[in-house]
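Single-structure report; data block below.
A quick note: this is a predicted structure, and the numbers were derived from the prediction, not measured. Just so we're on the same page: letters track the sequence lines, and every chain starts at 1.
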Amino acid sequence: MSITAAPDYLTRLNPEQRAAVETVDGPLLVLAGAGTGKTRVLTTRFAHILLTQRAFPNQVLAVTFTNKAAREMRDRVAAILGSPAEGLWLGTFHALCARMLRRHAEHVGLASNFTILDSDDQLRLLKQVMEAARVDIKRWVPPALMSVIQRWKDRGLTPERVSANEDTDFANGRARALYEAYQARLRTLNAADFGDLLLHMTEILRSQPDILADYHRRFRYILVDEYQDTNLVQYLWLRLLAQGHRNICCVGDDDQSIYSWRGAEVENILRFEKDFENARIVRLESNYRSTAPILAAASGLIAHNEGRLGKTLRPGRQDAQTGEKVTVVGLWDSDEEGRMVGDRIERLRHDGHPLAEIAILVRAGYQTRSFEERLITLGVPYRVVGGLRFYERAEIRDAIAYMRATVQPADDLAFERIVNVPRRGVGDAALRAMHEASRSLGVPLAAAAGHLLENGGLKGRVKEAIGTLLRGFARWRQMLDVDGHVVTVATLLDESGYTEMWKQDKSAEAPGRLENLKELVRALADFETLSGFLDHVSLVMENEERAETDRVSLMTLHGAKGLEFDTVFLPGWEEGIFPNQRSMDESGNKGLEEERRLAYVGLTRARRRAIVSHASNRRIYANWQASVPSRFLDELPTEHIEHTGSAALARDNRIAAATSFTGQFPLVARRPRVIDVWEQPSRPARADQIPIGARVFHTKFGYGTVTAADDDKLDVRFETSGDKRVLDRFVERV
DNA sequence: AAGGTTAATGTTTTT
DNA sequence: CATTAACCTT
């Protein structure tokens with residue numbers, strides 16, 4: 001590699017990016033603001049290491065959080081290299097740990113073919129453990145203990161490492177003991193949950209110097225993406241592995257740390273400098289994504305957080321200065337907010353703006369619904385990102401349980417899941433008998449069922465059904481070696497009656513479920529072995545979102561991290577919703593600051609246009625409630641913001657508008673005053689105000705023209721729904 | 001053992 | 001309001 005003439009993958013970078021790429025040896029922390037080319041730096045650095053022949057592809061460890069990020073990095077490295085690199089250790093923390101743990105499972109009491117449990121299995125198992133320990137599971141709900149255990153695992157704490165004084169709060173101080181019992185159950189089932197993958201692997205690296213040394217020899221360079229999201233155990237794992245060559249590069253942004261509730265510790269950024277002496281730090285501050293006003297708004301907002309590492313986003317784009325201001329819209333109620341967003345989207349669409357470049361980002365999943373409804377009435381195509389993933393669907397999980405029970409006769413969780421699916425007449429009584437036999441004989445459930453059959457412990461229909469099922473498993477197990485996994489699974493799903501069950505099902509979802517099952521069998525063909533596939537399913541598989549169609553994206557702010565759109569709508573900026581009340585109740589100022597970071601993430605998703613909105617009245621569960629504009633609105637620098645209010649808001653609520661828009665009132669004084677005005681939010685009757693010929697909007701029927709009026713009833717000719725008689729208060733004049 | 005009824009409970013979520 | 005899980009009835 002020539003030193004004088006830099007290759008173009010380097011010359012295309014700005015000086016700070018280039019420093020981040022070329023500072024190859026020694027520990028490096030890259031603080032990368034939103035839109036500053038973080039991924040680009042990471043992938044270029046990866047390629048640079050390979051191209052300068054500092055390491056072979058299999059000597060670089062590259063860690064991401066999501067499979068999507070891993071895939072993207074893989075693709076982009078390949079693009080720079082000109083060919084796909086083989087044998088990379090590139091993947092998510094979990095996938096990489098799973099791969100390692102398969103080799104060393106015996107050190108933590110597992111066999112290398114251990115099963116990876118998903119959260120559903122985890123919870124069921126924990127519940128069983130709690131019931132066995134006679135914990136009152138109404139008083140002490142399993143999910144609460146699950147999250148305690150997960151936080152322990154996030155911190156690298158095995159049951160032995162949990163100190164006694166951490167144990168006081170749950171189930172009268174039995175949390176630690178229950179954790180221990182849960183881990184013991186996992187071991188007997190030869191299973192690991194997601195947290196275990198990291199916990200076990202870290203434990204092994206801590207206790208087995210020879211294994212650690214082996215990985216030191218192997219990994220000469222380590223790259224870490226989204227470093228601010230790492231939890232303690234992930235940090236420990238990285239630190240252990242990096243001790244060898246100390247060539248570790250972590251890229252992150254403390255301002256985008258939004259997963260502390262999941263165990264992520266931003267403190268890992270500070271720890272990095274302490275643990276890795278002479279670590280270099282590079283800041284990426286040139287933003288190539290957004291216009292100047294958007295960056296100014298986001299920067300002004302995030303400046304309200306304390307204890308930041310301090311970064312300033314500079315506009316790096318040529319055209320950044322000419323951008324439009326961030327729009328803040330105040331609306332009367334949530335319906336009007338929905339209409340505002342819908343109308344603006346229609347206008348953008350009309351002007352030729354691609355829908356795929358528009359996103360509506362909300363704080364919580366349930367908020368997407370009202371926007372969906374609006375977009376449906378308007379006939380605007382949209383997609384909701386997030387929600388159920390492929391392997392979380394019931395039919396997929398059932399099918400997988402069948403496979404697991406086939407491959408692993410000891411997988412009680414899988415057996416239990418499908419023993420009565422489809423209905424075989426196996427109920428509580430039969431299941432209890434099997435559990436009892438399993439415990440007294442010390443064998444897995446399936447084996448216990450076999451014993452019961454021989455000893456006449458089961459009768460009638462149940463006996464027949466269980467017999468057929470067990471013979472089925474034996475047959476499919478044999479078949480696996482002879483006919484291969486694809487054929488076996490297809491046969492298994494038919495012979496077990498599982499596909500038939502969905503064919504008989506008359507519900508609307510049934511055909512889709514059958515389709516998913518077919519897709520599952522198709523996907524099997526991409527794998528050498530069934531266990532390889534099972535790993536893939538639990539760690540990697542995601543929604544088949546191949547829809548290349550032009551659609552508006554609807555998602556949570558969390559889901560939007562890492563994405564960007566020309567136009568971003570940020571509705572629901574109201575106290576309690578955003579910042580979220582619970583977040584503040586549970587974590588106080590830390591919670592508030594994380595909410596603010598979330599707002600920062602939201603704003604920085606926008607390339608050219610950001611529309612923030614808030615409504616004065618919102619339907620919460622059953623009834624309408626007045627809401628107060630978010631404090632974040634007051635934190636946006638006024639010179640980069642343009643305020644708009646709807647006519648309804650201005651007419652009905654001048655004071656509220658004035659109060660929220662100036663933002664001059666101290667927080668404490670502001671709230672009661674505003675609520676006073678909203679005590680009587682009933683709108684004036686407007687029948688006489690809507691003349692014949694007026695254009696109106698109805699929530700259900702969409703747009704139309706008034707053809708007649710009678711007291712409070714209007715006859716309206718709707719554009720899409722035809723002639724209807726509606727009450728005036730259900731329409732909005734537009 | 002299955003289906004219907006009531007009561008509780010409403011963030012964010014990758015792996 | 002609307003979803004879901006626990007509960008009760010047949």
Provide, to the nearest angstrom, the distance between the [atom1] atom belonging to [X] and the [atom2] atom belonging to [N].
X: A:L598; N: B:dT12; atom1: CG; atom2: P; answer: 11 Å
X: A:D120; N: C:dT4; atom1: CG; atom2: P; answer: 13 Å
X: A:Y366; N: B:dT9; atom1: OH; atom2: P; answer: 18 Å
X: A:I466; N: B:dA1; atom1: CD1; atom2: C1'; answer: 14 Å
X: A:R424; N: B:dA2; atom1: CZ; atom2: P; answer: 11 Å
X: A:I620; N: B:dT11; atom1: CD1; atom2: C1'; answer: 13 Å
X: A:Q122; N: B:dT13; atom1: CD; atom2: P; answer: 17 Å
X: A:K153; N: B:dT14; atom1: NZ; atom2: C1'; answer: 16 Å

A:F65 ring center near A:H94 ring center (under 6.0 Å):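 They do not qualify: ring centres at least 6.0 Å apart.
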Can you confirm if the aromatic rings of A:W261 and A:Y259 lie within a centre distance of less than 6.0 Å?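 Yes; A:W261 has its ring centre under 6.0 Å from that of A:Y259.
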Reckon [X] touches a base, only the sugar-phosphate, or nothing at all at heavy-atom distances under 4.0 Å?
X: A:D118; value: nothing
X: A:N623; value: nothing
X: A:E586; value: base
X: A:G365; value: sugar-phosphate
X: A:A98; value: nothing
X: A:E595; value: base

Quick one: does A:R363 reach the base of B:dT12 with a side-chain donor-acceptor pair under 3.5 Å?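 Counting by modelled atom types and ignoring angles, a donor-acceptor contact under 3.5 Å is found here.
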On DNA chain B, nearest-nucleotide positions of A:N580 versus A:V426: which is more 5'?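 It is A:V426, whose closest nucleotide lies nearer the 5' terminus.
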Would you mind telling me which residue lines up with the more 5' stretch of DNA chain B, A:I258 or A:R461, judged by nearest nucleotide?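 Looking at DNA chain B, the more 5' nearest nucleotide goes with A:R461.
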Closest to the [X] side chain, choosing from [options]:
X: A:T556; options: C:dC7, B:dT11, B:dT12; answer: B:dT12
X: A:R262; options: B:dT14, C:dC7, B:dT15; answer: B:dT14
X: A:A429; options: B:dA1, B:dT15, B:dT13; answer: B:dA1
X: A:A364; options: B:dA1, B:dT12, B:dT15; answer: B:dT12
X: A:R369; options: B:dA1, B:dT15, C:dA2; answer: C:dA2
X: A:H558; options: B:dT13, C:dC7, B:dT11; answer: B:dT13

May A:Y621 be described as stacking on the base of B:dG10, applying a 5.5 Å centroid limit and a 30° limit on plane angle?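 By the stated criterion, A:Y621 and B:dG10 stack.
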So, A:F93 and B:dT15: ring centres less than 5.5 Å apart, planes less than 30° off, yes or no?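 One would not call A:F93 stacked on the B:dT15 base.
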Check whether the side chains of A:N190 and A:N113 place a donor and an acceptor atom closer than 3.5 Å, and report yes or no.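 Looking only at side-chain atoms, A:N113 and A:N190 do form a donor-acceptor pair, the distance falling under 3.5 Å.
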We want to know whether A:Q228 and A:D253 form a side-chain donor-acceptor pair, criterion being a heavy-atom distance below 3.5 angstrom.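 There is no such pair between these side chains.
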Same-atom distance (P) from B:dT12 to C:dA5, integer angstrom: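 Their P atoms lie roughly 15 Å apart.
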How far does the C1' atom of C:dA2 sit from the matching atom of B:dT13, given to the nearest Å?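 Result for the C1' pair: 22 Å, nearest Å.
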Under 4.0 Å between a side-chain N or O of [X] and OP1 or OP2 of [N]?
X: A:N67; N: B:dT14; result: no
X: A:K68; N: B:dT15; result: no
X: A:R423; N: B:dA1; result: no
X: A:T66; N: B:dT15; result: no

Any A:L554 side-chain heavy atom under 4.5 Å of A:L375 side chain: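 Heavy-atom side-chain distance check passes, below 4.5 Å.
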Would A:R596 and A:F632 count as a cation-pi pair here, with the cationic atom under 6.0 angstrom from the ring centre and within 45° of the axis?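 No, A:R596 and A:F632 do not form such a contact.
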Answer yes or no: is there a donor N or O on one side and an acceptor on the other, between the side chain of A:N420 and the main chain of A:G425, under 3.5 Å?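 Answer holds: yes.
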